[in-house]
Amino acid sequence: MKLSNTIKIVEIAWLVVITICLYEIVRNTVLGSYEKISLYAVVGAGATVMYFLRRNQRKRLSRNEKINSDS
């Protein structure tokens, strides 16, 4: 398994975390339970940042693998 494939799996995991956080934010808003919304918002924001960092890293690694295989 290539490293870029592993990073893609990690990307999907971050997307799952983002989805869960959004679901919990909406659910807690509908139920009127506002205590945990800030926690889910912070975790969701962190997961979003990590998703984009990993995506950029995977694209860079894929680009480097392609350049090295062409040589």
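Any value given below was found using the heavy atoms of this structure, including those in side chains, with hydrogens, waters and symmetry copies removed.
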Enter the distance from Asn28:CG to Tyr23:OH here, rounded to the nearest 0.5 Å. 9.5 Å
Heavy atoms of Ile25 and Tyr40 approach each other most closely as CG1-CB, 3.7 Å
Which heavy atom of Tyr34 sits nearest to which heavy atom of Thr29, and what is that distance? OH-O, 3.8 Å
Distance-minimising heavy-atom pair for Gly44 and Cys21: N-SG, 3.7 Å
Same apolar cluster (I L V M F W Y, side chains within < 4.5 Å links), Ile7/Phe52: no
Got a second to check how far Leu61's CG is from Asn5's CG, nearest 0.5 Å? 11.0 Å
Verify same cluster id: Leu53, Tyr51 (apolar side-chain graph, 4.5 Å): yes
For a quick check under 3.5 Å, do Arg54 and Gln57 share a side-chain donor-acceptor pair by atom type? yes
Applied to residues 3-23, the salt bridge (charged side-chain N to carboxylate O under 4.0 Å, His left out) test, sequence neighbours excluded, yields Glu11-Arg58
Which pair of heavy atoms, one from Val17 and one from Ala47, lies closest together, and at what distance? CG1-CB, 3.8 Å
If the condition is side-chain contact (heavy atoms from CB on, under 4.5 Å), which residues does Val26 pass it with, not counting sequence neighbours? Val30
Joint cluster assignment, Met50 & Leu22, ILVMFWY side-chain distance < 4.5 Å: yes
Pairwise salt bridge (charged side-chain N to carboxylate O under 4.0 Å, His left out) hits with a residue in residues 20-35, at least two apart: Glu24-Arg27
Tell me whether Val49 shares a hydrophobic cluster with Val43, the cluster being built from Ile, Leu, Val, Met, Phe, Trp, Tyr side chains joined at under 4.5 Å. yes
